[in-house]
J.: 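Handing you a structure now.
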There are 2 protein chains.
Amino acid sequence: MGESVTDYGWELSTAVVLFHEAIARRLGLNAAEHKALGLIMRAGPLPTGALAPQLGVGVSAVTGIVDRLEQAGYVRREPDPSDRRRVLVVADPSRAPDLTGIFADLSREMNAFMSRYDERQMATVVDYIENTVRVLRSQTARLTGEGSNGPDRPR
Amino acid sequence: MGESVTDYGWELSTAVVLFHEAIARRLGLNAAEHKALGLIMRAGPLPTGALAPQLGVGVSAVTGIVDRLEQAGYVRREPDPSDRRRVLVVADPSRAPDLTGIFADLSREMNAFMSRYDERQMATVVDYIENTVRVLRSQTARLTGEGSNGPDRPR
DNA sequence: CGCTATACTCCAGAGAAATGAACTATCTCT
DNA sequence: AGAGATAGTTCATTTCTCTGGAGTATAGCG
C-alpha cells in the first residue's frame, strides 16, 4: 500500500525519538541529562547558568544535573578563566569513545545507502532536510509561544 | 561552510525531538503519557497491558498513566467485548480537534515545499526516509538489546 | 574601596511518578 | 465445576528530581 509522504514523515519522527531514547537509556541518562549533554557536545563548553533556560529548569537543578553527568564521567567542570564565578561544563574526552562507538555504526549504515545517491539526489535530500528543519523549528516556536500553555489541568 | 549530510541529519533529529517535546508540553503531557497517546493513536485501541512493555514501565504504572490521559480527556477506557477482564484504551475523538489543529499547520508547511518536488525527487525523498527509518530502527534495536545496559551507575 | 549584582552551590522540603504486593474479576483448561 | 492463569486496579512505599531560599565567592560600577 502506498503510504503518503506524511505517513513516512511520522514514521521517521517516531524512529528518531525512539533512537534518542535508546541512546539515553544506554548512556544511563535521564531526559534532562541527555539533553544537557547534547547541548554541551553541540555548542561546546557552556556555563551552568546557560543550561538552565534551555533545559527548562531552575539553576539550582542544573547543579544536580551536571553533578550526575560529571559523576558518570561524561563532563567535567572547569573554571572560566575570564570570570571566576562561572563554571564551564565541558565534555569529558575520556568518554568520547562511548559516544563515537554509538554513532560509528549509524554513520556507516547511513553512508551505505547515501553513497549511492548522485549529486542531484543528494541535493534533493539536503533540500528536504533543510526545509523540514525550518518547518519543525517554526512549528516548535509556535507551540511554545502562542499564549495559553495548553489545557490547564491541576498537576 | 558546507555542512556535511551527517550534520544535517543531526540537526533534523534535534529538531524532531524538540518538536515532540513542544507537543507534549502543549498537550500538558509528560513523556510517558505522550508516548502512550502516540501509540494509541497510531495502533488503535490497545489493552492496558500492551502498553506497559512499550512504555518501559510496570503494568501498575500504566493504570496511572491512563488515568491521567483519561482525566485530561485524550482517551477513554472501554471494556473489551471479547474479554471482560481487559480494558481497551481508545483515543477520545472529542480531543481530536486539538491534535489535528497542531498538525494542520505542520502539514500545510510541509506540503508548501514538498509540492514543488517532481516525481523523481519525491522518490528520492521517500527512499531517504525509508532507509533512514530502517537504519534508525536497527540501531535502536542494537542499543536496546546488546547485553550490558550501559555503564552501571548507582541510581 | 565599598556596594550591589551575578554565578553557582547547598540544603530542606515538596511533588510526581514508579514499584511490587495484595486483591478482584474473568477466562481457560481439564 | 474447580484450579490456575491472566488483566487490571489499588495502595503503601520508595525513588528521583525540582524548587526556592540561604550562603559563598567574584565581578563591576561609581
Side-chain angles (χ1 to χ4, degrees), chain A residues 21 24-25 27-37 39-40 43-72 74-90 149-155, chain B residues 21 24-25 27-37 39-40 43-72 74-90 149-155:
Chain A
E21 286 175 1
R25 210 176 315 126
L27 298 179
L29 303 178
N30 67 23
E33 291 153 9
H34 185 205
K35 194 168 177 178
L37 182 56
L39 286 167
I40 288 157
L46 286 174
T48 303
L51 289 171
Q54 308 218 53
L55 298 177
V57 298
V59 281
S60 63
V62 176
T63 299
I65 291 168
V66 173
D67 279 351
R68 297 188 294 268
L69 283 175
E70 194 172 31
Q71 188 106 32
Y74 294 112
V75 303
R76 287 192 322 251
R77 274 182 237 247
E78 291 192 355
D80 182 337
S82 74
D83 183 342
R84 293 191 310 188
R85 292 169 302 180
R86 236 181 268 179
V87 171
L88 293 178
V89 184
V90 318
N149 306 4
D152 43 296
R153 158 167 83 102
R155 300 213 41 150
Chain B
E21 286 175 2
R25 210 176 315 125
L27 297 179
L29 302 177
N30 67 23
E33 291 154 10
H34 185 206
K35 194 169 178 179
L37 183 55
L39 287 168
I40 288 158
L46 286 175
T48 302
L51 287 171
Q54 306 218 53
L55 298 176
V57 298
V59 280
S60 63
V62 177
T63 298
I65 291 168
V66 173
D67 280 351
R68 298 188 293 270
L69 283 174
E70 193 171 31
Q71 188 104 32
Y74 293 112
V75 303
R76 287 192 321 251
R77 273 184 238 247
E78 291 192 355
D80 182 336
S82 73
D83 183 342
R84 293 190 310 189
R85 291 169 302 182
R86 236 180 262 175
V87 171
L88 292 177
V89 184
V90 318
N149 309 1
D152 44 299
R153 158 167 82 103
R155 301 215 37 151

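Letters go in sequence order (proteins before strands), and every chain restarts at 1.
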J.: Without decimals, in angstroms, what is the distance between A:Leu55 CG and C:dC8 P?
T.: 13 Å

J.: For C:dA16, does either OP1 or OP2 sit under 4.0 Å from a side-chain N or O belonging to B:Asn30?
T.: no

J.: Contact class for A:Thr63 vs. all strands (heavy atom < 4.0 Å): base, sugar-phosphate, or nothing?
T.: base

J.: Does B:Arg76 pair with B:Glu78 as a salt bridge, N-O distance under 4.0 Å?
T.: yes

J.: Could you check which of D:dA27, C:dC8, D:dG8 has an atom nearest any side-chain atom of B:Val87?
T.: D:dG8

J.: D:dG8, D:dT19, C:dT9: which one has an atom nearest the side-chain heavy atoms of A:Val57?
T.: D:dT19

J.: Look at the side-chain N and O atoms of B:Arg77 and state whether any lies under 4.0 Å from the OP1 or OP2 oxygen of D:dT9.
T.: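 Yes, because at least one side-chain N or O of B:Arg77 sits under 4.0 Å from OP1 or OP2 of D:dT9.
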
J.: Among D:dA27, C:dC27, D:dT9, which nucleotide sits nearest the side chain of B:Val59?
T.: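 Side chain of B:Val59 sits closest to D:dT9.
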
J.: Please work out if B:Gly58 contacts a base, only the sugar-phosphate, or nothing of the nucleic acid, heavy-atom cut-off 4.0 Å.
T.: sugar-phosphate

J.: With nearest nucleotide decided by heavy atoms, which residue, A:Ser60 or A:Arg85, maps closer to the 5′ end of DNA chain C?
T.: A:Arg85

J.: Write down the distance between CG (B:Leu29) and C1' (C:dA16), rounded to a whole number of angstrom.
T.: 15 Å

J.: Distance check needed: D:dT9 P versus B:Arg86 CZ, whole Å only.
T.: 13 Å

J.: OP1 or OP2 of D:dC18 less than 4.0 angstrom from a side-chain nitrogen or oxygen of A:Arg68, does that happen here?
T.: yes

J.: Could you tell me the separation between the CD1 atom of B:Ile65 and the C1' atom of D:dG8, rounded to a whole number of Å?
T.: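 Taking CD1 of B:Ile65 and C1' of D:dG8, I get 14 Å after rounding.
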
J.: Might you point out which heavy atoms bring A:Leu27 and A:Tyr74 nearest each other, and give the distance in Å?
T.: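 Looking at all heavy atoms of both residues, the shortest contact is O-OH, 2.9 Å.
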
J.: Round to a whole Å and report the spacing from NE2 of B:His34 to P of C:dA17.
T.: 15 Å

J.: May I have the distance from B:Leu46 (atom CG) to D:dA7 (atom C1'), rounded to whole angstrom?
T.: 14 Å

J.: Measure across B:Leu69 and B:Leu37 and return the closest heavy-atom pair with its distance rounded to 0.1 Å.
T.: CD1-N, 4.2 Å

J.: Assign A:Gly49 to base, sugar-phosphate, or nothing according to its heavy-atom contacts below 4.0 angstrom with the strands shown.
T.: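 The residue A:Gly49 makes sugar-phosphate contact but no base contact.
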
J.: Taking all non-hydrogen atoms of both residues into account, name the closest pair between A:Ile65 and A:Ala32 and its distance.
T.: CD1-CB, 3.9 Å

J.: Let me spell it out: for each of A:Ala61 and A:Pro81, pick the nucleotide of DNA chain D with the closest heavy atom. Which residue's pick is nearer the 5' end?
T.: A:Ala61

J.: In whole Å, I'd like the distance from the CZ atom of A:Arg84 to the P atom of D:dT24.
T.: 18 Å

J.: Show the numbers, then the answer: is there a side chain to side chain contact (heavy atoms under 4.5 Å, CB included) between B:Leu39 and B:Leu55?
T.: CA-CA 9 Å; B:Leu39 287 168; B:Leu55 298 176; 4.1 Å; yes

J.: Provide, to the nearest angstrom, the distance between the CG atom belonging to B:Leu51 and the C1' atom belonging to C:dA18.
T.: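 These atoms are roughly 16 Å apart.
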
